[in-house]
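One structure below.
Chain naming here is simple, since letters A, B, ... match the order of the sequence lines and numbering starts at 1 in each.
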Number of protein chains: 2
Amino acid sequence: MPDDRTTRAVIRDEALRLFAAQGPEAVTIRQIATAAGVSPGLVVHHFRSKDNLRQEVDQYVLTVFEGLLSELTGDGTVSFEDAGAATGSLGEIFLQHLPVGSPLPGYLRMLLLSDTDAGRGLFRRLYAVSRETLDALADAGAASRGKDPQVRAALLLVNDLSVFLLRDQLTAVLGIDPLSAAGLARLGPELLSIYAGGLNADAPAPEIPPEAPEAPEAPETAPEEAPGQASHQAPEAAQAPEAVGGQA
Amino acid sequence: MPDDRTTRAVIRDEALRLFAAQGPEAVTIRQIATAAGVSPGLVVHHFRSKDNLRQEVDQYVLTVFEGLLSELTGDGTVSFEDAGAATGSLGEIFLQHLPVGSPLPGYLRMLLLSDTDAGRGLFRRLYAVSRETLDALADAGAASRGKDPQVRAALLLVNDLSVFLLRDQLTAVLGIDPLSAAGLARLGPELLSIYAGGLNADAPAPEIPPEAPEAPEAPETAPEEAPGQASHQAPEAAQAPEAVGGQA
DNA sequence: CAGCAGACTAAACAACTGTTTAGCCCGCTG
DNA sequence: CAGCGGGCTAAACAGTTGTTTAGTCTGCTG
């Protein structure tokens with residue numbers, strides 16, 4: 001059995017993948033149909049229109065995101081289950097719960113830039129989570145709310161999101177995908193270092209209690225001027241079709 | 001004389017404005033023609049094709065950007081000409097040298113997200129500037145290069161750019177345009193605070209020599225849940241047509 | 001004044017878009 | 001076995017796209 005999904009689900013998944021990569025307006029029904037191996041008429045037979053298909057994919061993705069976000073806002077303690085640096089960043093959550101090559105990071109990017117109610121609602125939701133997280137950190141004595149807590153939470157959020165929005169650009173100049181395991185391992189400590197002591201401090205943290213005062217494994221090597229063939233992205237190759245996320 | 005620009009320049013400026021707002025693919029030649037008050041045929045008469053028009057606008061914008069960037073990489077000292085917090089952020093440069101409502105910030109956003117050689121080249125250029133700036137700050141003893149200078153410069157850059165990319169979303173949740181004078185006055189100090197001492201420090205800076213240890217004017221007021229009619233954006237009103245930038 | 005080049009328009013063109021229509025095929029229920 | 005509803009396709013439809021064509025007008029040069 002090569003594929004146990006219904007044809008309808010295949011169409012939805014292919015639309016999701018294409019929407020994430022190129023934006024919904026740039027994707028035609030015929031492209032979706034070809035990617036799903038069906039006729040264009042069948043796409044509108046299952047979904048009433050392209051716009052309705054888009055809304056359905058949006059809703060599906062938002063449901064998955066809400067499940068991922070419960071990881072951050074779930075109980076209150078951040079849960080130190082597995083090792084590694086638990087920044088609580090969105091990138092780490094995506095990496096831990098989504099298969100490699102998942103189109104969901106791209107869909108997140110597209111939604112945030114889309115000028116739609118879905119995108120605005122998602123950003124408001126993320127901002128609320130960011131504020132809650134900052135409050136929790138402040139209550140735990142791990143951070144200060146700053147002079148302007150709303151602005152501070154917003155800055156922390158958009159800094160987190162910028163990795164999603166500029167993923168390809170960062171991959172090009174750093175030679176490493178910032179949303180890969182290796183990328184997060186390299187980016188995370190540096191970001192933590194800034195958050196811990198600002199731009200002047202070098203030590204990971206001045207007063208964090210336990211463990212890991214050592215540099216992980218980011219050498220001073222410079223892959224900078226070699227943008228050639230870094231991590232591939234598989235724009236239209238026949239990749240794992242069920243790479244969406246374990247939910248629903 | 002209501003407009004001393006040539007018709008060709010009017011077309012280019014309207015194309016620039018529309019491209020920045022909606023992205024080139026979403027803008028039709030007929031929209032550009034209508035905005036410029038000419039016929040569609042004249043657009044392709046002056047510029048050979050839509051794609052060529054786009055390239056020409058790209059080149060024009062990149063030239064203006066290069067002029068703005070010389071502000072950062074010009075001599076070496078950051079030049080404390082006028083007062084205020086000189087973060088050296090791109091937002092401040094844009095605000096100082098561009099008229100309000102300029103489409104150039106939107107064009108910057110579009111270019112960075114566009115998956116084109118122009119966008120990739122611009123990001124590489126900005127990354128180079130970011131590295132130079134970090135090096136200069138480190139040489140001046142104002143910042144540390146961190147354990148991974150390349151990553152640190154990249155993080156500082158994308159954090160700066162995120163305000164451009166998520167400008168509308170930030171305006172919605174904060175109730176203030178982060179690229180306006182008031183927005184920068186509110187965002188800048190908070191960002192400086194993080195860069196100065198990390199997330200734990202409240203004081204503006206532990207060892208910066210002179211001036212301004214006081215909170216500017218950001219009260220604890222919460223315009224948070226009132227997204228209604230904040231700063232307007234003038235999507236298609238007849239605004240100042242020559243609002244592009246003093247150059248070329 | 002002839003004419004000629006360039007700004008400019010109106011109309012048509014082929015290609016593509018989302019969507020509709022008509023109909024085929026197949027497994028089910030009666 | 002009649003028929004019937006849903007998955008599915010091929011073809012056509014109307015609208016929009018970038019572009020081309022033919023032609024008008026205007027100002028300048030010989």
Side-chain angles (χ1 to χ4, degrees), chain A residues 1-60 107 110 114-118 235-236 241-242, chain B residues 1-60 110 114-116 118 235-236 241-242:
Chain A
M1 62 197 88
D3 199 341
D4 58 345
R5 295 173 299 172
T6 67
T7 302
R8 193 178 193 278
V10 171
I11 295 174
R12 170 171 49 65
D13 289 351
E14 290 302 316
L16 162 43
R17 188 176 58 86
L18 289 169
F19 287 170
Q22 313 174 21
E25 298 95 71
V27 176
T28 71
I29 287 190
R30 284 168 177 83
Q31 285 177 353
I32 300 172
T34 300
V38 299
S39 71
L42 189 63
V43 175
V44 334
H45 169 75
H46 279 299
F47 309 85
R48 277 193 318 115
S49 65
K50 180 188 174 181
D51 192 72
N52 189 65
L53 168 59
R54 192 215 151 121
Q55 288 180 241
E56 202 150 320
V57 176
D58 277 358
Q59 196 52 50
Y60 172 77
Y107 209 93
M110 183 272 287
S114 66
D115 189 40
T116 62
D117 284 337
E236 50 188 349
E242 70 281 10
Chain B
M1 63 196 85
D3 199 341
D4 58 345
R5 296 174 298 172
T6 67
T7 302
R8 192 177 194 278
V10 172
I11 295 174
R12 168 171 52 63
D13 289 351
E14 290 302 315
L16 161 43
R17 189 176 58 85
L18 289 169
F19 287 170
Q22 313 172 21
E25 296 97 72
V27 176
T28 71
I29 286 189
R30 283 166 179 84
Q31 285 177 355
I32 299 171
T34 300
V38 299
S39 70
L42 190 62
V43 176
V44 336
H45 170 74
H46 279 299
F47 308 84
R48 277 195 316 115
S49 65
K50 179 187 174 183
D51 193 72
N52 189 65
L53 169 59
R54 191 217 152 121
Q55 288 179 240
E56 202 150 321
V57 177
D58 277 358
Q59 196 51 50
Y60 172 76
M110 182 273 288
S114 67
D115 190 39
T116 62
E236 52 189 347
E242 71 280 12

Heavy-atom distance under 4.5 Å between the side chains of [X] and [Y], does that happen here?
{"X": "A/Val57", "Y": "A/Arg12", "answer": "yes"}
{"X": "B/Pro24", "Y": "B/Met110", "answer": "yes"}
{"X": "A/Ile32", "Y": "A/Leu53", "answer": "yes"}
{"X": "B/Arg8", "Y": "B/Glu56", "answer": "yes"}

Exercise for the section: Measure across A/Ala26 and A/Gln31 and return the closest heavy-atom pair with its distance rounded to 0.1 Å. Expected result: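 Smallest heavy-atom distance, with atoms named: O-OE1, 3.9 Å.
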Handout entry: Set of salt bridge (charged side-chain N to carboxylate O under 4.0 Å, His left out) partners for B/Asp51, sequence neighbours left out
Key =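 Salt bridge (charged side-chain N to carboxylate O under 4.0 Å, His left out) check on B/Asp51 returns nothing, list empty.
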Exercise for the section: Kindly indicate whether a cation-pi arrangement holds for B/Arg54 with B/Phe47, taking the cut-offs as under 6.0 Å to the six-membered ring centre and within 45° of the axis. Expected result: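 So B/Arg54 doesn't make the cation-pi contact.
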Please list, for nucleotides 15-20 of chain D, all pairs of protein and nucleotide N/O atoms separated by less than 3.5 Å.
from   : atom 1 : to      : atom 2 : distance (Å)
D/dG18 : OP1    : B/Lys50 : NZ     : 3.0
D/dG18 : OP2    : B/Ile29 : N      : 3.0
D/dG18 : N7     : B/Arg30 : NH1    : 2.9
D/dG18 : O6     : B/Arg30 : NH2    : 3.0
D/dT19 : OP2    : B/Lys50 : N      : 2.8

Dump the pairs, protein N or O against N or O of nucleotides 3-7 of chain D, anything under 3.5 Å, distances to one decimal.
from  : atom 1 : to      : atom 2 : distance (Å)
D/dG7 : OP2    : A/His45 : NE2    : 3.3

